[in-house]
Amino acid sequence: MRNLECYIVHAIANSRIGKTELISYFNPKFGFVKLEYTNIDNTKTVLELEKVE
């Protein structure tokens, strides 16, 4: 996928059981094109748009 101009939103949530984090990339034409989650146990989950047809 080509490079896209995106708004980047960085969010952090703190609770009594831990901290989570999300970095999201939003393109006005395609919507959210990438989501990078850091979970409470510090594992990572990444969802990313691969292509548009």
To the nearest 0.5 Å, what is the distance between CZ (Phe26) and CD (Glu5)? 13.5 Å

Can you tell me how far the CD1 atom of Ile12 sits from the NZ atom of Lys19, to the nearest 0.5 Å?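 Reported to 0.5 Å precision, the distance equals 4.5 Å.
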
Passes side chain to side chain contact (heavy atoms under 4.5 Å, CB included), Lys51 versus Leu49? Steps please. CA-CA 6 Å; Lys51 65 180 177 177; Leu49 179 67; over 6 Å; no

Asn27 side chain to Phe30 main-chain N or O, any donor-acceptor pair under 3.5 Å? yes

Whether Asp41 side chain and Thr43 backbone form a donor-acceptor pair below 3.5 Å: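 Yes; judged by distance alone, with no hydrogens or angles, the pair exists.
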
Which atoms form the tightest heavy-atom contact between Ile40 and Ile17, and what is the distance?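 So the two residues come closest at CG2-O, 3.4 Å.
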
What pair of heavy atoms forms the shortest contact from Val46 to Lys34, and how long is it? CG1-CE, 3.9 Å

What I'd like to find out is whether the side chain of Ile23 reaches to under 4.5 Å of the side chain of Val9, using heavy atoms alone. no

pair Glu48-Tyr25: side-chain heavy atoms closer than 4.5 Å: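 Result no, sub-4.5 Å side-chain heavy-atom pair not found.
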
Go through it in stages, so that I can follow the logic: the residues are Thr20 and Thr38, the test is side chain to side chain contact (heavy atoms under 4.5 Å, CB included), and I'd like the CA-CA distance, side-chain angles, deciding distance and then a yes or no. CA-CA 6 Å; Thr20 59; Thr38 302; over 6 Å; no

Can you name the residues that form a side chain to side chain contact (heavy atoms under 4.5 Å, CB included) with Leu35, not counting sequence neighbours? Leu22, Ser24, Phe32, Tyr37, Leu47

By salt bridge (Lys or Arg N to Asp or Glu O under 4.0 Å), which residues pair with Glu21, not counting sequence neighbours? none

